[in-house]
Amino acid sequence: MMAEEEKQRVEEGQAAAHDVSAGAFLLLGIEIQGLQCAFHLLQGCSPLISDILDRQALRLEVSGLRKQTLLQTTSLVERRTVLVKRIQRFREIQRYYMPSFDHRNYSTSEPSTADSTTASTNAEDIKLYLPSELSATDRRKLCPNGLSAMEDRIRFAEAFDSLEDLRHHLRTRSFTNRFKKANVTGQIKNTRAREVQHRIDDRVRAAELQYQRAREALKRLRGAGDWENKLKVLEKSDVRALNERELNREEQDELYRLRQRLGTNTGDTEDERTVAQVAAVGEGQRRPSWIWFAGTGVVESMNDPLTRQGGVV
């Protein structure tokens, strides 16, 4: 839709003088924010999250940031340099679409882009100051020509797209788990299957974070409203497939004790899911998460073949 509007403006001679449209400028900023988030994920989560970035120019193949080889460290610096160049390109376009805004003077605590090329400043910590990151008063002064309204539309679409990605990865997780149980035997094959499952879990987490970023930006742009009935707050308990349920307290405690005995991470038992069995007493009214009913007017049908298959235990 936005591309068609841009085409119409060009045909009518109302196109912007800059070779990058306002929509492309905002999309560049959103893409950079996604890459910055991936950097932070890599420093605190599974390195397999880097597989999510195949569709983007920044591919972070770092296996263990605490004990990096010289080659891995160099590779990470090079990828940060690529990100800095993107931010510099963003700043150039930002001067055109937000001419009254100067990021160097807006916040004294924010490092300038010029200083970000040094090794001491991480590109993932640089704030872009998109319209959604400004106060309402500053947006009115610094974002002319409907720039805030355009980001509003983009963020709204991004939220629904990320929900669709989340549903897709949850279905994939269900199919993968079922295939593993039915067909995979032996230690080597099970190890490889678990690696695939971890990659899918990382994609689920990335889609979850993307939705949360889009919704937070919408909340700052719109404030409270009826739109929150469609785009609800995404809790950890909401991120589950049709054939999954949360672990109850007894199961969480048992998992915690097991991980203590094995010496593995014991801090994320609340994120665990288990495949839902035949409904027990008191579970007859269990409903799927709201994410399976959210859509832009075309609600995902529960009779869709993929959806029905994903709900099979």
Side-chain angles (χ1 to χ4, degrees), residues 1-10 14-16 20-38 52-53 55-56 86 90 93-94 97-98 101 127-171 203-236 238-239 288-301 304 307:
M1 180 62 71
M2 292 181 62
E4 294 177 355
E5 293 175 358
E6 179 65 21
K7 177 177 177 293
Q8 184 177 357
R9 284 195 293 268
V10 171
Q14 300 177 358
V20 177
S21 67
F25 159 68
L26 293 171
L27 288 172
L28 175 61
I30 292 172
E31 179 187 6
I32 291 173
Q33 286 182 337
L35 296 176
Q36 290 175 323
C37 180
I52 300 165
L53 304 178
R55 68 185 184 278
Q56 300 173 338
R86 289 196 179 193
F90 176 85
I93 307 171
Q94 190 176 38
Y97 285 106
M98 300 171 63
F101 175 77
K127 195 171 183 179
L128 299 181
Y129 295 111
L130 287 167
S132 59
E133 297 178 288
L134 305 176
S135 66
T137 302
D138 289 337
R139 280 198 298 271
R140 287 191 292 268
K141 293 189 301 183
L142 304 174
C143 303
N145 301 322
L147 195 65
S148 299
M150 186 172 294
E151 186 187 358
D152 182 289
R153 295 171 60 188
I154 292 175
R155 293 293 192 177
F156 191 73
E158 181 190 14
F160 281 108
D161 285 347
S162 58
L163 279 180
E164 176 55 37
D165 290 340
L166 181 58
R167 290 191 291 262
H168 170 74
H169 296 316
L170 288 173
R171 282 193 296 262
R203 293 189 179 100
V204 168
R205 178 60 175 160
E208 177 187 353
L209 292 176
Q210 183 181 11
Y211 172 81
Q212 291 173 342
R213 287 198 309 273
R215 191 187 185 281
E216 288 171 3
L218 272 176
K219 187 66 177 289
R220 290 191 293 267
L221 290 168
R222 295 185 175 187
D226 293 339
W227 65 273
E228 293 180 289
N229 296 327
K230 292 183 178 180
L231 298 173
K232 302 179 182 180
V233 176
L234 187 62
E235 305 288 352
K236 289 183 178 180
D238 297 323
V239 184
S289 170
W290 67 266
I291 64 175
W292 296 98
F293 301 95
T296 54
V298 183
V299 180
E300 181 163 340
S301 173
D304 179 80
T307 303

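Quick caveat, the model's predicted, so the values are computed rather than measured.
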> What closest approach, in Å, do Met98 and Phe25 show between heavy atoms, and which atom pair accounts for it?
SD-CZ, 4.4 Å
> Working to the nearest 0.5 angstrom, can you tell me the gap between Ile154 CD1 and Leu218 CG?
11.0 Å
> Under the side-chain contact (heavy atoms from CB on, under 4.5 Å) rule, collect the residues that match up with Arg140, sequence neighbours excluded.
Ala136, Thr137
> So how far is it from Leu26 CG to Leu128 CG, rounded to the nearest 0.5 Å?
11.0 Å
> Please check: side-chain N/O of Glu133 versus main-chain N/O of Lys127, any donor-acceptor pairing under 3.5 Å?
no
> List for me each residue that meets ring pair (Phe, Tyr, Trp, His ring centres under 6.0 Å) alongside Phe101, sequence neighbours excluded, and say none if there are none.
Tyr106, Tyr129
> Taking all atoms of both residues into account, what is the closest heavy-atom pair of Ser148 and Arg139, and its distance?
OG-CD, 3.5 Å
> Mind listing the closest non-hydrogen atom pair of Ala207 and His169 along with its distance?
CB-CD2, 4.4 Å
> To check you understand the geometry: which heavy-atom pair defines the closest contact between Leu142 and Pro144, and what is its length?
O-CD, 3.3 Å
> Between atom CG of Asp165 and atom OH of Tyr211, what is the distance when rounded to the nearest 0.5 Å?
13.5 Å
> Let me confirm one number: the CG-CZ distance from Leu163 to Phe293, rounded to the nearest 0.5 Å.
13.5 Å
> Return each pair, listed once, that meets salt bridge (charged side-chain N to carboxylate O under 4.0 Å, His left out) where at least one residue sits in residues 209-221; pairs must be two or more places apart or across chains.
Arg215-Glu228, Lys219-Glu228
> Only counting residues at least two apart or in another chain, list the ones meeting side-chain contact (heavy atoms from CB on, under 4.5 Å) with Ala157.
none
> Sequence neighbours excluded, which residues qualify as side-chain hydrogen bond (donor to acceptor under 3.5 Å, both in side chains) partners of Glu208?
Arg205
> Looking only at heavy atoms, which two atoms of Lys230 and Phe160 are closest? And how far apart?
CB-CZ, 4.3 Å
> When you look at CG of Asp226, are more than 12 heavy atoms from neighbouring residues, nucleotides or ligands closer to it than 6.0 Å?
no
> Atom CE of Met150 and atom OG of Ser21: how far apart are they, to the nearest 0.5 Å?
7.5 Å
> Please enumerate all residues that pass side-chain contact (heavy atoms from CB on, under 4.5 Å) together with Ser289, with sequence neighbours excluded.
Asp238, Arg240, Ile291, Trp292
> Can you tell me how far CG of Leu166 sits from CD of Glu164, rounded to the nearest 0.5 angstrom?
9.5 Å
> Any idea which heavy atoms bring Ala22 and Leu147 closest together, and the distance?
CB-CD1, 4.1 Å
> Step by step, would you call Leu130 with Arg155 a side chain to side chain contact (heavy atoms under 4.5 Å, CB included)?
CA-CA 12 Å; Leu130 287 167; Arg155 293 293 192 177; 3.6 Å; yes
